[in-house]
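Encoded as structure tokens, the structure appears first; notes follow it.
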Amino acid sequence: MRIFVEYALLGILLNFNGVLLDNLYTKSKTVVELISGTNRLRQIFTVNGAVLITSNITASNGVLHIIDRVMAPITSAKTVHDYILYPEIPSYSFSSINNASIVDLDLRQWTSETNRKFTVFLPNDGHLVSMPSYGQDRLFKDWYLIRKIYHAHTVLDTFSFIPSKGDIPKLTSMQGDITFHRENNRVYIKSNRVKALVIQANVPTVNGIIHVIDNLLYFIYMNIVQTIQKLPNTQTFKLYLERQSAVKSYLGSLNGTKTVFVPTDTAFAKLPSNKQQQFTNDLTYLSQILNNHILSSEVDEASLVNGQTFTTLSNKSITVIRKDQTFYLETEDMQIQVVETDIGCTNGVVHLIDNVILRKDYTVWEAITGNDQLIKMKSFMQNYNDLPALLNNAGVHVTVFLPFDYVMDDIPGSTLSSFSTNPDILYDALSGHIILGHTLATFNMSRKETFNTYGGHQLTTVFSKEEISVTGSYIKAGVIVRDILCSNGVIHIIDNLMHVATRNVLDEMKRHKEISVVSSFIGLYTMQMLQNILSDKDEDITIFVPVNNAFNDIPRSRADKFLMDSLLLERILQAHVVTSGSHLVEQLYAEQNLISVEDTIYIRKSNNTDQLKVHLHKPFFNIMFENEDFQDLSDASDEDMTVFVPSPSSLANITTNPSILTQLYLGHVLPGLKIDQKYLSKQKPKGAVNVTGNNITFSMTNQTIGYSIDVGYSNLRYYFNIISDGIACSNGIVYMIDGLLNFNNKTLIQEIQSDNSYLHAFNYMLRFWPSDSGKKLRQPDRHFTLFLPAAFVVDSLSKAAVDFLDSITEQEKEKFYARHVIEEHVLTIKDISQGWKMKNNVTAEYIDHEIFLKWNNTQSRIVHANILSSNGLIHIIDKLFIDLPEMPTTVSPKGTTKKSSHTNGSESVLIFHSFYTIVLTIFVILLT
């Protein structure tokens, strides 16, 4: 077994070589196929038949793609020719096809050559029944026929794997097409109307892919009667043929071709027992019924044209209807589904149908009373006089969904007793299984539809090619027998009783395979308390159950921990159980808190799913695992951390430069601390929380829409919801935010251009600075700190001030520029406040929790600090560092009583502009 797994995995590794999904190509025998749809959201990619579940997980030395099964059996070192002679899978042998290969020695030789490619379908000797003499006589006397059969199993120049899901395109063998279809999770193939089951798919060899099948393709050697006798699901029709020798003789005759629409065994079981008894007692009637299904000429699938009408041997007209790629036969207001077409015979063709073609002269109630699967249901319904009367009324059309007897047998005795003591409960449920005024057969079903029932409840039906389900009062049932057609309606047999809960939570969980992992955990002997809670009929509980796949995301070390610690496992499971009542999803509301046995469950209603959030996290983690500090912290399971993960779009142009990765690590990861709701609720004051890690302060502010987070850069502040945007982990918590906290891909100029007010002020300043100033600041490889005046500062300049600035000398322009731009240094507000020595006689003062920059007699306040770009920082200030012609002033700078020497009446102008804007706005509103 170990060698098997090692070689299987080795085959996968050798054939990929770090290829992203978008770039996958055929290499050696690793074949990538797109098997369904043109819309990328609906595409299914397969690799050697295995479906790609998750793709493009990049690592430092390659790419991981997760598939839905092992690409096994292991690649054989043999050619197709040698594998046929000496198969490596136990119990398989292919002597029949090997013996046939002598008819084409060239093809036999080709299958031994390693430079060729084949897909081969091999019948396993163990699955081939002994061919009757009439088949052998025909086969062995016709050398040319054997050659055709041999060729029908061989596809040249292709490696074709059979995927585990999705549509499978047809192949063209050396002797006609091979088609595929899925039925009950199995794959069947057909060649020349001969069907075979694929019993082992995808066996790779050096020069081909082998699929093992259970039948010989192409060769039709049985007549219609022999075919019906052999088919496993037509034994009832076979028995009736035995009682009608004339019909049997006609179908066995090679004189002309015929078509038979054969009802399956299930189709006959839909008939009431008295109707089946009539077939036995009345041979004339039986002959008529059999002839209802027979055409006197061959009509294959290609001839089943929508709207075409045929006449049977009994002179009954049937019309073909094609709907959603399914064939129906319409006769006497019934639509009967063709469940399988084109079963080839030597004297015609057989199609299988799901109902018997006869006049439905029995009511729904008569069908119920005569059905062996509904004996219990009949006895229950007889207790309520109106239900049999309603269902037996030929003038009322009804659709009835009824549980078969096994469902009723499975109901706990205590529940059945409650039906006896309080019969209204069962009546309420049963009357909710009846839809009045509709004959809702499969043919008439929409994809999803809701109906009112006789009992006042609603039923919602969901129809697909694969299954039909119906839901009533939040209880879902699957349709296991569809379309019991009656004179006044239709019955569908289902696998559950709706509208009344018949099982406790523990028993209900056992019915759902997709949560079997949790069910098995709860079934452990150590979970007795939890078992009691979930099975207590006096409890009213809600449980949120993880599906089996949810456990795939748990790291192995963490899984081992709770599997070895039963108390921890029980606490985890109890955290999913709420004992305060039954909470339907429709009754939950946003921001609701539900108290579970072990924890609090927070309800968040959003279009974003946790699955989406997990996928959004991946790009950041793929990049950050290049950073050793992050790797070490992630590997330390005993150390908590908080990670703020930027959106994928913000990471699009990030390189894996070590210095950039270090910067991202410092600005997005808080080691040693898990900032969850429990932590934040303990902080005082609750409005703002500052946490320092790696010498960087993370500032979180509680606001109406959630928390805002930044690390000191005012243009890189993002909002997140501590519940909906957080994912708890065993060693910390992850929050999704919309961008980077301490890195900006925009250059200084690009950041200025992103804000019209910044751009307006910047263009003004370029007018008064040296002509090459703009060119300097556009250099992305240089670094700057820019003190940019606010837009209102330049807007309030008087004409005299502007004329003065236009007239200053080039030397004064250089000095003016140098007072506002510090080259080759990036100074944060923290750097400035801590006494960084400024140039050109500009100094900093800290007054009343604000930073002022002073030059000569001008004192300018930093009104907006730390606007980060890729090559510098911008600080917005409220004064110019230049001596303008003296003008009267009215307002002193905030935080000081000193008068500015160059206010130029800016505050007065601002007040006037604001007053004028308010008056104008009011005037417009009144006019409107």
Side-chain angles (χ1 to χ4, degrees), residues 35 49 80 84 92 94-101 103-104 107-108 110-111 117-125 127-129 131 135-136 138-140 142-163 167-183 186-203 208-224 226-227 230-232 257 259 298-304 338-352:
I35 63 171
V80 168
I84 292 173
Y92 283 1
F94 310 110
S95 59
S96 59
I97 204 74
N98 179 58
N99 293 336
S101 68
V103 300
D104 191 339
L107 178 57
R108 184 172 184 171
W110 292 350
T111 58
K117 294 192 297 184
F118 300 92
T119 296
V120 181
F121 297 87
L122 298 181
N124 178 38
D125 294 335
H127 286 80
L128 288 175
V129 297
M131 185 179 295
Q136 294 183 25
R138 183 183 171 201
L139 179 63
F140 296 134
D142 191 338
W143 198 261
Y144 185 62
L145 176 61
I146 296 177
R147 182 183 176 91
K148 282 185 174 182
I149 295 171
Y150 180 41
H151 286 176
H153 292 77
T154 307
V155 182
L156 298 177
D157 301 320
T158 183
F159 290 146
S160 184
F161 290 85
I162 296 177
D167 296 331
I168 309 171
K170 72 178 181 180
L171 297 174
T172 300
S173 73
M174 297 177 67
Q175 189 61 45
D177 289 341
I178 297 175
T179 59
F180 300 80
H181 80 276
R182 298 185 187 277
E183 183 181 321
R186 292 182 169 187
V187 174
Y188 291 88
I189 64 173
K190 190 176 282 188
S191 170
N192 190 34
R193 301 191 297 189
V194 176
K195 180 180 176 182
L197 169 67
V198 178
I199 55 178
Q200 175 61 66
N202 306 334
V203 182
I209 309 300
I210 293 173
H211 306 292
V212 185
I213 56 179
D214 72 344
N215 196 15
L216 196 65
L217 296 176
Y218 189 82
F219 181 40
I220 299 173
Y221 59 88
M222 292 183 289
N223 62 36
I224 289 174
Q226 293 162 342
T227 299
K230 180 191 176 220
L231 289 171
T257 58
T259 299
E298 182 173 339
V299 179
D300 61 8
E301 180 180 335
S303 303
L304 292 174
V338 181
V339 293
E340 185 175 342
T341 60
D342 278 1
I343 300 174
C345 308
T346 56
N347 62 340
V349 65
V350 167
H351 308 293
L352 302 184

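Model, not experiment: these values are computed from the prediction.
Legend: residues meeting salt bridge (Lys or Arg N to Asp or Glu O under 4.0 Å) with Arg147, ordered by chain and number and at least two apart, are Asp104. Here Lys148 pairs with nothing under the side-chain hydrogen bond (donor to acceptor under 3.5 Å, both in side chains) rule; sequence neighbours left out. Phe140 meets the side chain to side chain contact (heavy atoms under 4.5 Å, CB included) test with Gln136, Ile146; sequence neighbours excluded. For Asn223, the side-chain hydrogen bond (donor to acceptor under 3.5 Å, both in side chains) criterion is met by no residue, not counting sequence neighbours. Looking at residues two or more places apart in sequence or on another chain, you find a side-chain hydrogen bond (donor to acceptor under 3.5 Å, both in side chains) between Ser95 and Asp125. Residues satisfying the ring-ring contact (aromatic ring centres under 6.0 Å, His included) criterion with Phe121, sequence neighbours excluded, are His211. Not counting sequence neighbours, the partners of Asn98 by the side chain to side chain contact (heavy atoms under 4.5 Å, CB included) test are Ile84, Leu85, Ser101, Arg108. Every salt bridge (Lys or Arg N to Asp or Glu O under 4.0 Å) that Asp177 has, sequence neighbours left out, goes to Lys170. Remark: Phe219 pairs with Tyr221 by the ring-ring contact (aromatic ring centres under 6.0 Å, His included) rule, at least two apart or across chains. Asn192 meets the side chain to side chain contact (heavy atoms under 4.5 Å, CB included) test with Tyr218, Ile220; sequence neighbours excluded. Not counting sequence neighbours, the partners of Ser303 by the side chain to side chain contact (heavy atoms under 4.5 Å, CB included) test are Val299, Asp300.
At a threshold of 4.5 Å between non-hydrogen side-chain atoms, the residues Pro123 and Ile213 count as touching. Considering only heavy atoms from C-beta on, Ile168 comes within 4.5 Å of Pro163 through its side chain. Side-chain contact check for Leu139 versus Ile149: some heavy-atom pair is nearer than 4.5 Å. Between Asn124 and Leu122 the shortest side-chain heavy-atom distance does not fall below 4.5 Å. Residues Leu171 and Phe180 form a side-chain contact, since some pair of their non-hydrogen atoms from C-beta on lies under 4.5 Å apart.
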Subject >> CA sep, side-chain torsions, deciding dist, call: Leu156, Phe118, side chain to side chain contact (heavy atoms under 4.5 Å, CB included) >> reply: CA-CA 5 Å; Leu156 298 177; Phe118 300 92; 3.4 Å; yes
**OP:** Show your reasoning for whether side chain to side chain contact (heavy atoms under 4.5 Å, CB included) applies to Lys117 and Thr158.
**Re:** CA-CA 5 Å; Lys117 294 192 297 184; Thr158 183; 5.9 Å; no
**OP:** Go through the steps to decide whether Asn215 and Tyr188 satisfy the test side chain to side chain contact (heavy atoms under 4.5 Å, CB included), and finish with yes or no.
**Re:** CA-CA 11 Å; Asn215 196 15; Tyr188 291 88; over 6 Å; no
**OP:** Take Gln200 and Ile210 through the side chain to side chain contact (heavy atoms under 4.5 Å, CB included) test and state the conclusion after the steps.
**Re:** CA-CA 9 Å; Gln200 175 61 66; Ile210 293 173; over 6 Å; no
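The two residues Ile162 and Asn202 make their nearest non-hydrogen contact at N-OD1, 2.8 Å. Annotation for Gly344 and Thr227: closest pair O-OG1, 4.2 Å, computed over non-hydrogen atoms. Between Val80 and Gly208, the shortest heavy-atom distance links the atoms CG2-CA, 3.8 Å. Taking every heavy atom of both residues into account, Ser191 and Ala152 meet most closely at OG-CB, 4.0 Å.
To the nearest 0.5 Å, atoms CD1 (Ile343) and CG (Leu231) are separated by 5.0 Å. Between atom CE of residue Met222 and atom SG of residue Cys345 there is a gap of 7.5 Å, rounded to the nearest 0.5 Å. Atom NE2 in His151 sits 4.0 Å away from atom CE in Met174 (nearest 0.5 Å). Note that CG of Leu217 is 4.5 Å distant from CD1 of Ile189, once rounded to the nearest 0.5 Å. One finds the CD atom of Glu301 at 5.0 Å from the CG atom of Asp342 (value rounded to the nearest 0.5 Å).
Pairs of residues two or more places apart, or lying in two chains, that qualify as salt bridge (charged side-chain N to carboxylate O under 4.0 Å, His left out) and include a residue from residues 189-199 are Glu183-Lys195, Arg193-Glu298, Lys195-Glu340.
A side-chain donor-acceptor contact under 3.5 Å links Thr119 to the backbone of Ser160.
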